[in-house]
Amino acid sequence: MAKLEQLKTAFVTALGIEDSEVTDSLAYSEHAKWDSTAHMVLIAEIESQFEIMLDTDDIIDMSSFAKAKEILAKYELEF
Amino acid sequence: MTDLKIDIRAYSIVLKQIDDNNYALLQQWRNQPEIREQMVNQQLISMSSHQIWYESVKHALNQQHFVIYYKDLAIGSINIRTRQAYLYQADSAEVGLYIAEAKYKNNILAFAPSLAINDYAFNDLGINHLASKVRLTNQAAIKYNQQLGYQFSPLDEDFTEIKLTADNYNNATKQLKTWLSRG
């Protein structure tokens, strides 16, 4: 599976949202299903999908789908 | 008896006990509509009432109130209190939290102050268990407290009691603590 699709799947699974909702504008505080608990599930899903260990600051900064792509680029994952 | 801590540093945040310099923040935050509507007492708090309250709690031994800082930014407040005379080795205590900074309300960081104060409660103060009540309509708080290991017992149509032992807390939060401690 392409990495972008993998990342989208992680968001769909973790937040319990539709595939079509996963766009660059998807951000916490702007989606009812993205709360602190969903954020935790999302981090678990991303680390599992990409077999990486995120730094704490990156975990906290992961505030949108666009930001997730930007952060994951630091882990040599290009989208 | 152990001294109560006035600063707690853990999980990327710092809890600083309220003092003359920061106690006014709590009144501003406490009166925000979205915070007030989740409180048992939903009345607006005047500054004069807040000052009276502050004077009554600043040297108290049965409760502590902290401002939460993340990277030097004050983002909310957390408190711990017991109905007994002293927090130290209390049988039961209650933790209250609100994140006032919108950017961090729905963030995993919102767990950090609870982890820090729960560690303090169980490991430093020797408190037996934590308990409080949550509005049934406050699903975000219910999900949040489930992640911390709280057990639920419905009280009435509006509230559920929640209770946390050290064992349940430690079992539930291993992964959360790892995420918030990597630096």
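Given the structure is predicted, the values throughout are model-derived calculations rather than measurements.
With a 6.0 Å radius and a threshold of 12 heavy atoms from other residues, nucleotides or ligands, B/Glu34 has its CD atom above the threshold. Heavy-atom neighbours of B/Leu155 CG from other residues, nucleotides or ligands within 6.0 Å: above the threshold of 12. Within a 6.0 Å radius of NZ in B/Lys163, other residues, nucleotides and ligands contribute 12 heavy atoms or fewer. Annotation: A/Glu51, atom CD; neighbour count of heavy atoms from other residues, nucleotides and ligands within 6.0 Å does not exceed 12.
No path of Ile, Leu, Val, Met, Phe, Trp and Tyr side chains, each step under 4.5 Å between heavy atoms, connects A/Ile43 with A/Met53, placing them in separate hydrophobic clusters. Following chains of ILVMFWY side-chain contacts shorter than 4.5 Å, one can reach B/Ile99 starting from B/Ile142, so the two form part of one hydrophobic cluster. A/Leu42 and A/Val12 fall within a single hydrophobic cluster, where Ile, Leu, Val, Met, Phe, Trp and Tyr are joined by side-chain heavy atoms under 4.5 Å apart, directly or via other members. In this structure, B/Ile6 is not a member of the same hydrophobic cluster as B/Leu125, with clusters built from ILVMFWY side-chain heavy atoms closer than 4.5 Å. Both A/Leu77 and A/Ile71 belong to a single network of hydrophobic side chains, linked directly or stepwise wherever heavy atoms of I, L, V, M, F, W or Y lie under 4.5 Å apart.
Only the side chain of B/Leu176 comes within less than 4.5 Å of a heavy atom in chain A; its backbone stays farther off. Contacts of B/Lys103 with chain A are made by both backbone and side-chain atoms, with heavy-atom separations under 4.5 Å. Heavy atoms closer than 4.5 Å to chain A are found nowhere in B/Tyr11, neither backbone nor side chain. Of the atoms belonging to A/Ala38, not a single heavy atom falls under 4.5 Å from chain B.
One finds the CD atom of B/Gln147 at 8.5 Å from the OG atom of A/Ser36 (value rounded to the nearest 0.5 Å).
Residues satisfying the side chain to side chain contact (heavy atoms under 4.5 Å, CB included) criterion with B/Gln175, sequence neighbours excluded, are B/Thr178, B/Trp179, B/Arg182. Residues meeting the side chain to side chain contact (heavy atoms under 4.5 Å, CB included) test with B/Thr137, sequence neighbours left out: B/Arg135.
The stretch residues 58-67 of chain A places A/Ile59, A/Ile60 near chain B, each with some heavy atom under 4.5 Å from a heavy atom of that chain. Within residues 105-117 of chain B, the residues having any heavy atom less than 4.5 Å from a heavy atom of chain A are, in residue-number order, B/Lys105, B/Asn106, B/Asn107, B/Ile108, B/Leu109, B/Ala110, B/Phe111.
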